[in-house]
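This chain uses plain numbering: 1 for the first residue, then up along the sequence.
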Amino acid sequence: IIPLPISPQEWSSLEQGLIQRATILEKVLEDVYGQQELLKSGAIPPELIHANPNFLHPCHGIVPPDNRHLTFYAADLYRTEDGSFRVLRDYGGHPEGLGYALENRIVMSRLYPKLYHRSWIRRLAPFFQAFHKAMSQRVSPGKGEPDIALLSPGPDHQLYFEHALLSRYLGYPLVEGQDLTVRNGQVFLKKLAGLERVEAIFRQIDDSQSDPFALRRETARGVAGLIQACREQNVDVVSPIGSGFIETPALKLFLPDLCRQLLGEELKLENRPAWWCGTEDNLRHALENMSSLTV
């Protein structure tokens with residue numbers, strides 16, 4: 001795959017659109033897991049919450065550290081015929097690709113060292129440094145290095161390579177659900193010498209697999225009691241459990257109106273054209289054009 005260079009001018013516009021989009025989606029998360037004013041006002045249909053598997057009822061009312069409901073955000077982008085960018089899909093639960101971006105950059109710098117250093121490519125290291133610094137300040141401000149673990153589904157997962165790479169690069173122990181335990185609302189890492197407190201978790205498992213006790217799921221990948229530990233604010237989970245709600249495909253159809261309502265602005269990055277069959281007009285359009293649509 002050939003890397004795609006983006007000019008500073010084009011990136012500036014794209015960056016503003018992505019920041020705006022992340023801001024809106026974080027406000028949506030804060031509301032749907034909090035006061036639910038958007039639901040009461042009809043800005044978000046009730047079906048998108050109550051009948052949505054991406055909405056985790058046990059997480060309602062949880063306030064994450066610094067009130068940051070969306071720690072990581074990613075978007076699939078594509079170009080239209082006129083060259084402008086549009087958003088195909090949003091990701092918030094545990095956006096994938098950080099490790100691959102890092103590995104690809106390392107490989108490129110070794111294969112093409114002269115080209116790499118001549119091209120004034122933006123470095124990735126400041127991003128990871130900013131992430132670790134933000135984690136430290138949120139978990140234990142002014143208290144030195146916090147105890148952070150990277151939670152992975154395990155070696156059978158297709159992206160385990162990425163988890164292992166990020167663990168080594170960031171210096172976080174790589175753990176699975178069985179390596180952690182919750183005692184008295186606090187999370188501990190099981191070690192030969194005993195239990196060691198974990199203050200933050202860099203989550204690489206799905207929302208629905210995070211806590212088999214609270215979510216009643218038959219999975220061994222999560223940590224029983226983790227949601228309660230989050231509710232008591234004894235652990236900082238990045239991204240917060242339940243943030244996968246923004247990955248609901250139909251939610252993007254309401255973003256233009258939500259952007260005007262929450263930010264008083266027009267949406268800078270347009271969505272890919274889509275229709276939600278929860279309204280009569282959209283349902284009619286979908287049925288009439290079923291042969292040319294993806295369901």
Side-chain angles (χ1 to χ4, degrees), residues 21-64 67-76 87-96 153 203 205-219 221-222 224 226-228 230-231 237 239-262 267 270-290 292-295:
R21 202 173 181 95
T23 303
I24 302 166
L25 291 170
E26 181 165 37
K27 288 182 178 294
V28 169
L29 279 175
E30 181 182 358
D31 182 79
V32 298
Y33 283 111
Q35 298 298 318
Q36 296 190 337
E37 296 297 335
L38 296 174
L39 172 65
K40 297 172 187 175
S41 67
I44 295 180
E47 295 93 334
L48 259 63
I49 296 179
H50 300 306
N52 186 351
N54 287 337
F55 177 75
L56 302 184
H57 294 267
C59 295
H60 185 263
I62 295 179
V63 180
N67 202 33
R68 296 313 305 263
H69 289 261
L70 185 61
T71 313
F72 270 104
Y73 167 70
D76 279 342
V87 177
L88 178 66
R89 186 177 175 184
D90 300 289
Y91 298 90
H94 59 99
E96 301 163 347
R203 181 171 63 91
I205 65 175
D206 294 338
D207 282 344
S208 60
Q209 297 178 334
S210 298
D211 186 342
F213 177 75
L215 301 174
R216 298 292 191 269
R217 301 296 175 95
E218 296 179 359
T219 175
R221 290 181 171 178
L226 183 58
I227 288 180
Q228 183 60 31
C230 293
R231 187 175 298 279
V237 177
S239 287
I241 303 172
S243 53
F245 174 79
I246 70 167
E247 299 176 12
T248 302
L251 181 63
K252 64 184 179 183
L253 274 69
F254 302 91
L255 285 187
D257 290 337
L258 289 171
C259 187
R260 299 186 197 100
Q261 180 177 342
L262 298 175
L267 192 65
E270 294 185 27
N271 301 307
R272 184 189 186 193
W275 295 265
W276 178 54
C277 295
T279 63
E280 290 185 11
D281 292 342
N282 283 0
L283 176 59
R284 187 182 308 111
H285 177 89
L287 293 175
E288 292 174 354
N289 299 273
M290 191 64 68
S292 60
L293 295 177
T294 298
V295 180

Query - Check against side-chain contact (heavy atoms from CB on, under 4.5 Å), C59 and I227 - result: CA-CA 7 Å; C59 295; I227 288 180; 3.9 Å; yes
Query raised in the report: Is any side-chain heavy atom of L215 less than 4.5 Å from a side-chain heavy atom of Q209?
Result: no
Query raised in the report: With sequence neighbours excluded, what pairs up with E37 under the side chain to side chain donor-acceptor pair (under 3.5 Å) test?
Result: none
Report task. Locate the shortest heavy-atom distance separating I62 from H69; write the atom from each residue and the value. Result -> O-CE1, 3.8 Å
Requested in this report: Answer yes or no: does atom CZ of R231 have more than 12 heavy-atom neighbours from other residues, nucleotides or ligands under 6.0 Å?
Outcome: yes
Query raised in the report: Can any side-chain N or O of D207 pair as donor or acceptor with the backbone N or O of G242 at less than 3.5 Å?
Result: yes
Requested in this report: Kindly say whether W276 contributes a backbone atom to a donor-acceptor pair with the side chain of N282 at under 3.5 angstrom?
Outcome: yes
Report task. Could you tell me the separation between the NE2 atom of H285 and the CE atom of M290, rounded to the nearest 0.5 Å? Result -> 10.0 Å
Query raised in the report: Taking atom CZ of R89 and atom CG of N271, what is their separation to the nearest 0.5 Å?
Result: 13.5 Å
Report summary line: Output for pair (H57 NE2, I49 CD1), nearest 0.5 Å, gives 9.0 Å
**Report entry** Residue pair H94 / E247: nearest heavy atoms and the distance that separates them
**Finding:** N-OE2, 4.5 Å
Report task. Using a cut-off of 6.0 Å, state whether more than 12 heavy atoms not belonging to Y91 lie near its atom OH. Result -> yes
Query raised in the report: Do the rings of F55 and F245 sit parallel, tilted or perpendicular, given the 30° and 60° boundaries?
Result: perpendicular
**Report entry** Close side-chain approach of L255 and L25, heavy atoms under 4.5 Å
**Finding:** yes
Query raised in the report: Under 4.5 Å between any side-chain heavy atoms of F254 and L48, yes or no?
Result: yes
Query raised in the report: If every non-hydrogen atom of P256 is compared with every non-hydrogen atom of L253, which pair is closest and at what distance?
Result: CD-O, 3.7 Å
Query raised in the report: When you measure from the side chain of Q261 to the backbone N and O of A43, does any donor-acceptor pair fall under 3.5 Å?
Result: no
Report summary line: When every non-hydrogen atom of L39 is compared with those of P46, the smallest separation belongs to CD1-CA, 3.4 Å
Report task. List the steps and the verdict of side-chain contact (heavy atoms from CB on, under 4.5 Å) for V28 and L262. Result -> CA-CA 9 Å; V28 169; L262 298 175; 4.2 Å; yes
**Report entry** Note, N289 side chain near W275 side chain (heavy atom, < 4.5 Å)
**Finding:** no
Query - Atom pair OG1 (T294) and CZ (R272), whose distance is rounded to the nearest 0.5 Å - result: 6.0 Å
**Report entry** Inter-residue atom distance L258.CG - L38.CG, 0.5 Å rounding
**Finding:** 6.0 Å
Query raised in the report: Quick one: does N52's side chain have a donor or acceptor within less than 3.5 Å of a partner on N54's backbone?
Result: yes
Requested in this report: Kindly determine whether R21 and D90 satisfy side-chain contact (heavy atoms from CB on, under 4.5 Å), including the steps that lead there.
Outcome: CA-CA 9 Å; R21 202 173 181 95; D90 300 289; 2.8 Å; yes
Query raised in the report: Is S243 reaching over with its side chain to a backbone N or O of G92, donor-acceptor style, under 3.5 angstrom?
Result: yes
Report task. Indicate the atoms forming the closest heavy-atom contact of Q228 with D211, along with that distance. Result -> N-OD2, 4.4 Å
Requested in this report: Locate the shortest heavy-atom distance separating G222 from I205; write the atom from each residue and the value.
Outcome: CA-CD1, 4.0 Å
Requested in this report: May I ask you to decide if C259's main-chain N or O and K27's side chain share a donor-acceptor pair within less than 3.5 Å?
Outcome: no
Query - Residue pairs fulfilling side chain to side chain donor-acceptor pair (under 3.5 Å) with at least one residue in residues 39-50, sequence neighbours excluded - result: none
Report task. Please say whether more than 12 non-hydrogen atoms of neighbouring residues, nucleotides or ligands are located less than 6.0 Å from CZ in R260. Result -> yes
**Report entry** ring-ring contact (aromatic ring centres under 6.0 Å, His included) involving Y73 - partner list, sequence neighbours excluded
**Finding:** none
